[in-house]
Structures are given as structure tokens and as C-alpha cells.
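Here's the structure, in C-alpha cells; my notes come after.
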Protein chains: 2
Amino acid sequence: MTQSGSITIEDVAKAAGVSRQTVSRVINFQPNVRQSVREKVEAAIAELGYVPNQAARRMGGSRSYQILAIFEKDAVGRSDGRLPLDQMMLAGLRVCGPRGYHLLFEEVDASGQKSLGDPSEQIARALTSLKPDGVVLCPSLEEDPGIRSVLDQRGVASDYLGQRSEFGRLVPGLDDGFFAEAAAEHLLALGHRQMGFVSGHHDPVRSARRRDGYRRALIKVGSRAHGHFISDAPLAFDEAFDLTRAWLTPTIRPTAIIAETEETARAVLRAAQSLKISVPDDLSLLVLDDAPGLSHCEPALTVLHQDYAAHFSQACERLITANTKSASAMTDNKNTDAREDGFALIDRESVAAPPRNR
Amino acid sequence: MTQSGSITIEDVAKAAGVSRQTVSRVINFQPNVRQSVREKVEAAIAELGYVPNQAARRMGGSRSYQILAIFEKDAVGRSDGRLPLDQMMLAGLRVCGPRGYHLLFEEVDASGQKSLGDPSEQIARALTSLKPDGVVLCPSLEEDPGIRSVLDQRGVASDYLGQRSEFGRLVPGLDDGFFAEAAAEHLLALGHRQMGFVSGHHDPVRSARRRDGYRRALIKVGSRAHGHFISDAPLAFDEAFDLTRAWLTPTIRPTAIIAETEETARAVLRAAQSLKISVPDDLSLLVLDDAPGLSHCEPALTVLHQDYAAHFSQACERLITANTKSASAMTDNKNTDAREDGFALIDRESVAAPPRNR
DNA sequence: GTGAAAGCGCTAACAT
DNA sequence: ATGTTAGCGCTTTCAC
């Protein structure tokens, strides 16, 4: 069926009795091709099993049908709130594939490798080698001015996971503050007022933004809990365990705790168990980071998590759309910003109303 | 510093006062360039910040510097023993990047999508579009004859995660039998004889191979436990819980259990707890699948896991090496097969000698 | 609406 | 050991 010696656009042109150019127009969905001709070409394509050669497209034209995702070495992984590269990739693949785009990942290592140069040089190299149509900068690379400027200089389209407003301006990057605020408000709505926050995130800056969001939510309803029940930095398991025990021992204690990661959540849970404090009857526990094992805790832990995969695929989509649009309509990108919230609640068994409300 | 209008091989040639071809030879580490000339060219490259254009290399030559990893939709993820795509990608990137290769991932969906055609057609399309130098077929795609034959026809180099011997012949694919055998032997060496095996793997075929390996190990030492303490199919949490309780209730009961996944491990642990059977004092628990939360169980769970990332990066490496070799030395690939075992023990707290041995 | 010509940046094959 | 000549398969630009 499929022949071995590559089938080129030339072959299709010949088979359809048209010029290469017409075939090119058809495969690129460009105008100025009569319907009848288009159909003839499409038939020839189907019959010959023609598939355009990616490298050749890049060579000839201006688009490369490649989008490049760049992430920081330490920012991806399976613990402490790191990015779920696997899920992001799957989501990205599913938007890129059908549109004929390919997705490439590149890791940059900020911790000064000598031979490779600094991160922006690494990226510059990748850009000239690959000439991607767009790049997705994963957190917290979007905050690196050196990288941003390389991208700008080259005029490479870039996008990010989410955006937030900072000092009244919209800046790229996840809105961790809003996210934590939403988490707190979820518990507030249930009636909780004495509410704790245990940090565990690998990125102290993002973690601090989350604590701010949590504070805002509590201040808004006039609770002073944020003065008492909050860790002032990301904690490891043992620290989180000790801190939680300290919170839960006195009579006045939180009725709900937000744990930033799987690890801290397990610590909180164990601390509660050690004190015979029942979850969720006496204490609600909300985790900001999902993991498969969380559904097999006793009780199963309720999670509100940032949907990194959705954020990522949306970034890919925007990049592709911008690329396609500018090629034809070139409508001004007024940045409609109908971005989703980008987080999702998985309601399991660890969150309930506070005791006095029942 | 770095100029915007692309710097090409031509620019370097001019700057170094040589021909394009000589520059090409230098960047490809080919022979027949005088040391002095080589240095002049290298200097020019460094000065101009030249980086070869990937697409152009593909167009001109026969190598594409791309390797394509293909996986099945349902075979990757974070539960039930699925492939850790993120870790594989990182490992792969780290071998490909330094050698100038790029890594692409492609998902195939066996569950008959109409528009895309069957898996081998999807792959055929990717192959003609990308012309990768090699492809890594992830489990259990290596068992699909249709896919293998597409690869063969096109003469695309392919490699796999591991290999095992089957009916006396070496076939591609992970050696799950040997792996489970090793797990059982680890416990056997500690003195366990009554040993259970709880399946939970998403792939029943691989799971069955593991159970066989476990059986072999027990038979080898004359234990009959494999007749009693083994699930006959992959189990979900509740089933694993019930089965384990059934095993642990009578007087004659296993002193060790191998759980295939995080989920089943948690089920076993809970079953033991519910029966007040202490782990590891009365029961050892060995898990075949790691997850971050496993180190925060009570007790922390000991894991022996297949190192998919290592398998994957080794496959990439072999592909690249073969590609490079054939370009210069073309030594016959006698398949030295110095492949690693490809699994690793993470010794935590859930495995100990059986009670009677202490 | 369609076609012809001219590259894109590189490497293979062949000179020299 | 080095240079020259052809392309690779596509898109762009510009004719028609």
C-alpha cells in the first residue's frame, strides 16, 4: 500500500494534473482553489497516502509547525507541587497533533552548567536550531527577564500557564494567590473560620503567593486565624507534622487545614490521628495537589488543584491559533482573556462543615 | 550579541575562509579536516554564535537528529503500573540533548478512532512526516506485529524498553517475569516462604508474566505458597483488601506479600491494620511500583521497581549510537546486550525477616 | 484561480 | 584535505 520511496507534493501534483503550488494551497487550507480542483487533489492525496514532510515545510516557508515547551529542571516532578510533565504533555499532544503541530520539550538548568551557558543561551540555541512557531514557558521561567528578552528579540511567540494581575497589571504566570483564595473560600463557605495553611511547595515564591491568597480570604470575612495557623515557609513532612500537632493540641484550634502538597497533607492527617482528632468530623483537610494515593487514604482526601495540563494545552492552543490567524486574518489579538480559572475540585471525604455547624 | 537574521553555515564558511562543506565536516565531527582549519572554523562558529538549523540538516542529509517515542494511550499515567512518561522524558532528554538529538512523543490510540486509522497507520503518518532516525516503542506496542512491520518496511531503526527471552528466543519488551522473580527472591532470601502476590497492574498480560515469575521463584525453593496466596487477575483496592484479609485471617498465612501497585499496596496495608497484623513485624510488604506517597505510609513502604526511565534512555542511547556508528565505522551490531537489569530497590521500612527467623 | 521560478540551509557525491 | 555541484520537499513571490 504505502510505497517506500517518499511520496512528495510533486507526485500528488502529477497525479491530480495540477501544479505543486495548487497542492500546497490545498494542504494548507488556503483560498483560491476551485472546489472541483480541491477535491481532485484531495483524492490524489488520499490515494497516494501523501503526508507532507515536516522539515521541508520549515525550509520553504515561515511556519515550522513546532511548538517548544521549556521548563526548569527543578520545577517538574511528582512531589511538592511540581509540574506534572506527563499530563501536560498528553494534553498538549492532544491539541497539537490534530492541528498538525509537533510538541518538543526542553529542559533548562539554571544551576549554572558551565558548558551550556546560562538558561537564556540554552534557549537561544534551541530557538535557532528548531525555529519553533511558539514557545510555552513553564513556571517560573516566565519571570526570567533574560529569557523573555531573548524571545522578544527573535520575535518568537510565547505563552504561559495562566496569568494574574499584579499591581494592577496583567502578568504571565499562574495565579496562585487567587487559587489559594478559592480554596479558603470553599472552606469558609462551609462555615470554617479557624482555618490553617501548611505550605509544602517546592517553590517558596509561589507558596508565599498562596499564603497571601489564603490570608486575603480570611481577612475578607474578618477571621484572625491567618495570624495563628499558618506556616511561614514550605515544610517537610516532620515539620508539618509537628506544627499541626502544636495547632491541634490547644482548645482553640483550627477546624480546617489547607495542606499545600501530598506530603504535608499526609503529615496533617497523621498528626490528627495521633491526637485522635477525626477527619473530617473534627477537622477538615483540603489538599492543593493531587496524587493517586490520596484517594486511598483514610479518609480519602479532598483536593482542589491547579489544572496544569489544561493551562498548558490552552497555551498551546493560543499559540497555534495566533499563528494560524496571523497567516490569514491577522485580526488584532485584543487578548480576549476568556481564560478558565484553571483549577478543579475533587470532592472526596476529608472536607465537611465544622463541628459547631452540625 | 546574537544577531537576528539567521546565521547560516555560509556565514561561518565566509568568516573562516573555507567552503561550506568544510564547515559541515567540522560540525559533524567528520574526518579529513586539518586541525588548524578545524580550529579556525570552530572559532568562527563560536564568534558568530552559529547553530545548525535542524530542518535543513534533515533536508540535505540522511539523518534527522530526531528520535520518536511512541506509546499507547492507556499505557501511560500515574496509577496501576503505568509508564511514568515524565521521568522517561527527562531521562531521554538528557541523553538526546547533549548529542544534538531531539525527542518527540506520539500517542497512538488503539481503540479504533475512525478518522486517524489504526495505530500502524498513525505511526506510518508520523514516520513520513518526521522521518525520525529511530523510534522507541513503549510497552506493549512492541508486541504489535502491524507496527513492527511498518517500521521494518521503512527501514526505521527501532528499540524497546528492555528485552526478555521467550521460548528460548530474545524478544523485545520488559522482562516482567524476571522482575517479579527477583522480587520474590529478595523476600525468599530473608527467609519468607509463605508469600503472597496481589496483582493490580493495568496490563493483564504483563501482570500474568509477573505472577509467573513469582511462581517460578517459589517453586525453585519448594514452597507451595503460590498455590494459595496469589490473585488470579489484577485487583482494585476493595478486592485486594478483601483478598488480603482472607489470606491473613487463618493461622497459616503469608509472612510476606508482594503488591503490584501503589493501590493494592495500600489495600494490603489497610487489611493488615484492620487485623492488627503489624508490618513488617508480622508481615512484610514489598511494592512493585513507586509513588511519592509511599514513603509517608506507616510504615514507609519498601519498593522494588522497574526503572522505566533508565530503560527508556538506554533505548534512546542505543538508537543514537547505532545511527552514529553506521555513519562512520559501521561495525556489525553484534548486540552485546550488556543491558542492565533495569530495576531498583528502595529499601524503606515494610520488609523484614519473617517472625520465626528472629 | 493557477502556474513557474527561486530559494530556504544543509549534506551527499563527486571532483580536485 | 578541501571545494564544487546538485539537490532534499516545500513555500514564497510573482506572473499569468
Side-chain angles (χ1 to χ4, degrees), chain A residues 3 5-41 45 48-66 100 127-131 133 323-324 326-328, chain B residues 3 5-41 44-45 48 50-66 100 127-131 133 323-324 326-328:
Chain A
Q3 203 179 310
S6 290
I7 289 147
T8 75
I9 198 172
E10 188 76 54
D11 301 324
V12 177
K14 227 165 267 171
V18 297
S19 74
R20 289 197 305 221
Q21 203 32 240
T22 302
V23 179
S24 175
R25 287 187 182 105
V26 170
I27 64 179
N28 289 296
F29 306 102
Q30 282 170 10
N32 296 339
V33 183
R34 248 181 317 167
Q35 187 55 25
S36 64
V37 176
R38 193 178 292 272
E39 275 159 15
K40 236 184 350 192
V41 172
I45 289 173
L48 297 174
Y50 167 71
V51 179
N53 175 316
Q54 226 244 346
R57 288 184 116 173
R58 240 252 70 243
M59 282 299 288
S62 45
R63 295 219 291 300
S64 71
Y65 296 92
Q66 277 183 157
L127 291 182
T128 71
S129 161
L130 259 16
K131 298 266 177 356
D133 288 342
N323 211 248
T324 309
S326 74
S328 54
Chain B
Q3 202 179 313
S6 290
I7 288 146
T8 74
I9 198 172
E10 188 78 53
D11 301 324
V12 177
K14 226 164 270 171
V18 298
S19 75
R20 287 193 312 216
Q21 198 40 236
T22 301
V23 179
S24 174
R25 287 189 180 104
V26 171
I27 63 179
N28 289 295
F29 306 101
Q30 281 170 12
N32 296 339
V33 182
R34 247 181 318 168
Q35 188 54 27
S36 64
V37 176
R38 192 178 292 273
E39 275 158 16
K40 236 184 351 190
V41 172
I45 288 174
L48 296 174
Y50 167 73
V51 179
N53 176 315
Q54 224 245 347
R57 287 183 115 172
R58 236 255 71 240
M59 283 299 289
S62 46
R63 295 219 291 300
S64 69
Y65 297 91
Q66 277 183 157
L127 291 183
T128 71
S129 160
L130 260 17
K131 298 263 170 18
D133 288 343
N323 212 247
T324 309
S326 74
S328 53

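Reckoned from all heavy atoms, side chains included, excluding hydrogens, waters and symmetry mates. So you know, we letter chains A, B, ... as the sequences are listed, proteins then strands, and number each from 1. Keep in mind the model is a prediction, meaning the values are calculated, not measured.
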Between the axis at one end of the helix from C/dG1-D/dC16 to C/dT16-D/dA1 and the axis at the other (five pairs apiece), what's the angle to 10 degrees? 30°

Closest to side chain of B/Arg25, choosing from D/dG9, D/dC14, C/dA13: C/dA13

Find the distance between CG (A/Leu48) and CD1 (A/Ile7) and round it off to the nearest 0.5 Å. 5.5 Å

In whole angstroms, the gap separating P of D/dA1 from CD of B/Gln30 amounts to 13 Å

Heavy-atom check, side chain of B/Lys40 versus side chain of B/Val26, under 4.5 Å: no

Output the rounded distance in Å from CD1 (A/Ile9) to C1' (C/dC8). 15 Å

Rounded distance (Å) that lies between atom C1' of C/dT11 and atom CZ of B/Arg63: 10 Å

Could you tell me the separation between the OH atom of A/Tyr65 and the C1' atom of C/dC8, rounded to a whole number of Å? 15 Å

Without decimals, in angstroms, what is the distance between B/Glu10 CD and D/dT4 P? 11 Å

Closest heavy-atom pair, A/Ile27 versus A/Arg57, reported as atoms and distance to 0.1 Å, is O-NH2, 4.0 Å

Within the 4.5 Å heavy-atom criterion, are A/Gln54 and B/Arg58 side-chain neighbours or not? no

Check the distance between C/dC10's C1' and A/Leu130's CG and give it to me in whole angstrom. 16 Å

Kindly compute the distance separating NZ (B/Lys14) from OG (B/Ser19), expressed to the nearest 0.5 Å. 12.5 Å

For the CD atom of B/Glu39 and the CZ atom of B/Arg34, what is their distance to the nearest 0.5 Å? 11.5 Å

Phosphate OP1/OP2 of C/dA12 contacted by B/Ser62 side-chain N/O (<4.0 Å): yes

Does any part of the side chain of A/Thr8, heavy atoms only, come nearer than 4.5 Å to the side chain of A/Asn53, both counted from C-beta? no

A/Lys131 versus A/Ser64, closest heavy-atom pair with distance: O-OG, 2.8 Å

Side chain of B/Arg34 only, please: which of D/dA1, D/dT11, C/dT2 is the nearest? D/dA1

Expressed in angstrom and rounded to an integer, what is the separation of B/Asn32 atom CG from D/dG3 atom P? 13 Å

Measure the shortest side-chain to side-chain distance between A/Thr22 and A/Val33 over non-hydrogen atoms and say whether it is less than 4.5 angstrom. yes

When rounded to the nearest 0.5 angstrom, what is the spacing between CZ in B/Arg25 and CZ in B/Arg20? 12.0 Å

Tell me: NZ of A/Lys40 to P of C/dG1, nearest whole Å? 16 Å

Among residues 50-61 of chain B, which residues get a heavy atom nearer than 4.0 Å to DNA chain D? B/Met59, B/Gly60

Contact list please: residues 14-24 of chain A against DNA chain D, heavy atoms, distance less than 4.0 Å, in numerical order. A/Arg20, A/Gln21, A/Ser24

Can you tell me how far apart CZ (B/Arg38) and CD (B/Gln30) are? Round to the nearest 0.5 Å. 9.0 Å

